[in-house]
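Report on the following structure.
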2 protein chains.
Amino acid sequence: MNAIPTVYDVAERSGVSIATVSRVYRSPDSVRAATRERVLAAAGELGYVPSGNARGLASRSTGVLGLCFPDYSDPDTLDAEDDDAAMLYSDQIIRGMERAARRHGYALLIAASLEGGPENLVAQVAGRVDGFAVMARTVPTAELEAISRRRPVVMLAGPRAKDPSLDHLDHVEVANEDGQYELTRHLVHDHGLRHLAYVGLVDESPDVEARFRGFRRACHEAGIEAAAAPALRMPMMTQAEGARAAHLLCEGDGDRPEAFVFANDQMAVGALQALERHGVRVPDDVVVTGFDGIPLSRLVRPALTTVRQPMVRMGEEAVDLLVRRLSGQPPEEPVSLMLPVGVVRRASCGCDEATTPSTATPSTTTG
Amino acid sequence: MNAIPTVYDVAERSGVSIATVSRVYRSPDSVRAATRERVLAAAGELGYVPSGNARGLASRSTGVLGLCFPDYSDPDTLDAEDDDAAMLYSDQIIRGMERAARRHGYALLIAASLEGGPENLVAQVAGRVDGFAVMARTVPTAELEAISRRRPVVMLAGPRAKDPSLDHLDHVEVANEDGQYELTRHLVHDHGLRHLAYVGLVDESPDVEARFRGFRRACHEAGIEAAAAPALRMPMMTQAEGARAAHLLCEGDGDRPEAFVFANDQMAVGALQALERHGVRVPDDVVVTGFDGIPLSRLVRPALTTVRQPMVRMGEEAVDLLVRRLSGQPPEEPVSLMLPVGVVRRASCGCDEATTPSTATPSTTTG
DNA sequence: TTGAAAGCGCTAACAT
DNA sequence: ATGTTAGCGCTTTCAA
């Protein structure tokens, strides 16, 4: 692992100037074929690869896009196998971004921010890319605000209006409110339920709030006395907390809700486990729903009724937005996209179809 | 989006030298608190973030590791939902690498190589990272050989000895041969099958070859006349090809094998579909097995007996290897790791347990 | 078509 | 504790 070869080494070995070496890579046509051959040959022999750093520095652009995402790994998921199944948000967004980035000729730099980790994580990313996407609440607002003044940042799944200092960012979110509204409406309308308990989050989360609004709206419209706040707010949205929520809801005051409407799938899954242990049957005794549409939601029994979010697409949209900003004609105004979601009716709400996927194409009913 | 601020701007604004600005970020303690505050304040107001490029250039290290992987997306998987379920190899490796990289303070740069795409993809990655991992057969050998002479590269899942020009690379693979051997032995020994057909790949793939060796060894040991070559070699390992293979095997010469042993899960899944369409029952009429342990293998019905590869772990090991090479005391010799695999017995071979996962913890029998 | 030279923004001695 | 000063490896005018 000797010194890494540079343009100078290649230039010397092929008897040209460093400018020519550079040209061979940047605009091959501007160099005579014979010269090009010689340079390329020398480069090959030396194992030369242009330094992305130097290139970026000299040309002020890196050809790399970034993504900051929270370290979502659910500590409750100890089983490696479950871990596999629970393909996370971030994986899907990564997939979407990588694909789109590649289409546009960019590479993708990813970094997960561990809770309370070094704040400079963003900086680490921001300093190395032409633009980047941030999953909501991954990055300290102040820091993000400062950075985003100088280079394109798109916010994912987050609070568009929430923070006015960030309202100049492009933004992609999913129709949380509408999705939860549709799902709730399904419970009320199609299943005739009247007594629903919503389980949210202690911390303020724009997504969770929006979902709750959808829930409440559906209740209102059905003439159900909808609480102004969730029945329960948990400190984290993990399986363990979901289980705990199920406990609390059951041991309440004897009069158990007909449905537990969870703000995400992880909690709902935890609840299913807890309920099974307690001999409470789903959906016969109580209906359970989630939100997200993680793969695990389809694997559990009963399969979970939920709202699917198009996360891969979100990644793609994010990249398209960034590329647009980076291009000659960036939109003047900040762009805000709201991607549609779909209610997935499965067994946990009493829709029994598609419970046992047939060979190779486990299908679900989307409504 | 005005000019991006630099150390000079921050220095000027806070009335210090650029060296001090640099110190504030590199070794905060070497700067008086008051000064530090002023610098940080100025930086904040300016929206300053240290340029990763300049940093990398000056310090000759980027703090980034890379991964090149093939664009595995199976074109047969048109359904977005299946796509979700089929968490791919690459996703798992990315997960593993990202985690491990973060533990070591590195970020991760990922780039998929589209078949026949620009070869400079590797260069794009190689030029921006301190070291990187390459999934086998992603990158032209010559290019890789040259690059790997100058910086650490670890080969994933590939042909260790295959290419002598690459035998100086660190290398992580899974026990393909042993895994297929164990699985085959299970079929022969526990299920008493004697007539097995192995379905491989036309192209030479070290992994597939290794698996076939395991298959053959198990046959030999059981006194079964094992063909020197796979019963069938398909051009690609997709679901469509798996279905085609099933056809061919069924319509052979009337005497159908008792088991179809596929070189990967995708093909096996395709075969399951085809067999169902033809009214051939699995496992009653014919046993089907796969290899990989992709999530989809558990979702299909009958659930697929297969061999699970620890891909997340592979990603972690790769990073550990890279970090080791980058550290002060790199091992002298190239390191080669072989990760153990596990046979997963499910319904498609006649092991009926664990076919219907119970709530939240779909379990499988690992043997 | 090719070369010379001036940076790009930062780090790392070396001074002070 | 802070400032000065070379580079780091490349791109990019400007000349030739």
Side-chain angles (χ1 to χ4, degrees), chain A residues 2-39 42-43 46-64 120 123-124 126-130 147 150-151, chain B residues 2-40 42-43 46-64 120 123-124 126-130 150-151:
Chain A
N2 272 325
I4 288 181
T6 74
V7 267
Y8 292 97
D9 303 314
V10 178
E12 185 178 354
R13 184 166 188 125
S14 52
V16 299
S17 74
I18 63 164
T20 299
V21 175
S22 177
R23 288 194 189 98
V24 167
Y25 290 91
R26 306 293 304 167
S27 46
D29 303 325
S30 73
V31 175
R32 204 178 2 144
T35 316
R36 200 191 316 140
E37 299 307 319
R38 262 190 308 146
V39 171
L46 291 167
Y48 167 77
V49 175
S51 151
N53 282 333
R55 244 151 126 131
L57 187 51
S59 64
R60 307 106 206 298
S61 88
T62 64
V64 178
N120 48 6
Q124 221 213 4
R128 320 200 69 83
V129 302
D130 293 337
I147 293 175
R150 315 327 288 228
R151 37 161 105 343
Chain B
N2 274 324
I4 288 180
T6 74
V7 266
Y8 292 96
D9 302 314
V10 177
E12 186 178 354
R13 184 166 189 126
S14 53
V16 299
S17 74
I18 62 165
T20 298
V21 175
S22 177
R23 287 197 190 94
V24 167
Y25 290 90
R26 304 292 305 167
S27 47
D29 303 325
S30 71
V31 176
R32 206 182 354 150
T35 316
R36 201 189 317 140
E37 299 307 319
R38 264 189 307 143
V39 171
L40 254 13
L46 259 27
Y48 167 77
V49 174
S51 152
N53 283 332
R55 246 151 124 130
L57 228 206
S59 63
R60 302 107 200 296
S61 86
T62 63
V64 178
N120 49 4
Q124 223 213 358
R128 321 202 67 84
V129 301
D130 293 338
R150 317 323 296 223
R151 46 176 115 271

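Each chain gets a letter, A, B and so on, in the order its sequence line appears, and its residues count up from 1.
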Any N or O donor-acceptor pair linking the side chain of R23(B) to the base of dG3(D) at under 3.5 Å?
yes
Touch class at under 4.0 angstrom, heavy-atom based, for T20(A) against every strand present
sugar-phosphate
If you assign V31(A) and Y8(A) each to the DNA chain C nucleotide with the nearest heavy atom, which residue ends up on the more 5' nucleotide?
V31(A)
5'-most contact on DNA chain D (nearest-nucleotide basis), V16(B) vs Y48(A), goes to V16(B)
Can you find a side chain N or O atom of S17(A) that sits less than 4.0 Å from OP1 or OP2 on dG3(C)?
yes
N53(A) has an atom CG; how far is it from atom P of dC10(C), in whole Å?
13 Å
With a non-hydrogen cut-off below 4.0 angstrom, is Y25(A) in contact with a base, only sugar-phosphate, or nothing?
nothing
Name the nucleic acid region contacted by V21(B), choosing base, sugar-phosphate or nothing; use a 4.0 angstrom heavy-atom cut-off, strictly under.
nothing
Identified side-chain contact (heavy atoms from CB on, under 4.5 Å) partner of T62(A) from the options L57(A), D130(A), N53(A)
D130(A)
Without decimals, in angstroms, what is the distance between R55(B) CZ and dG9(D) C1'?
18 Å
If you round to the nearest 0.5 Å, how far is CG of L46(B) from CZ of R13(B)?
5.5 Å
If we ignore hydrogens and angles and just use 3.5 Å, is the side chain of T20(B) paired with the main-chain N or O of V16(B) as donor and acceptor?
no
Would you mind classifying the nucleic acid contact of S22(A) as base, sugar-phosphate or nothing, using non-hydrogen atoms under 4.0 angstrom?
base
To the nearest 0.5 Å, how far apart are CD1 in I18(B) and CD in E12(B)?
12.5 Å
What is the distance from CZ of R36(A) to P of dT1(C), rounded to the nearest Å?
10 Å
Rounded to the nearest Å, what distance is computed from the CG atom of residue L57(B) to the C1' atom of nucleotide dG7(C)?
12 Å
A19(A) side chain, from C-beta outward: closest of dA12(C), dC10(C), dA5(C)
dA5(C)
Roughly how many Å is it from CD in Q124(A) to C1' in dC10(C), rounded to a whole number?
16 Å
Nearest whole angstrom, please: distance from the C1' of dG7(C) to the CD1 of I18(A).
12 Å
Whole-Å gap separating C1' (dT2(C)) and CD (E12(A)):
18 Å
Given dT2(C), is OP1 or OP2 found less than 4.0 Å from the side-chain N or O atoms of R32(A)?
yes
Using a 4.0 Å heavy-atom cut-off across all strands, classify T35(B) as base, sugar-phosphate, or nothing.
sugar-phosphate
Working to the nearest 0.5 angstrom, can you tell me the gap between R36(B) CZ and S14(B) OG?
13.5 Å
When you check the phosphate oxygens OP1 and OP2 of dG9(D), does a side-chain N or O of S51(A) lie under 4.0 Å from one of them?
no
Are R150(B) and Y48(A) side-chain neighbours, meaning at least one heavy-atom pair lies under 4.5 Å?
no
Integer-rounded Å distance: dC10(C) C1' and I4(B) CD1:
14 Å
So what does R26(B) touch, heavy atoms closer than 4.0 Å: a base, only the sugar-phosphate, or nothing?
sugar-phosphate
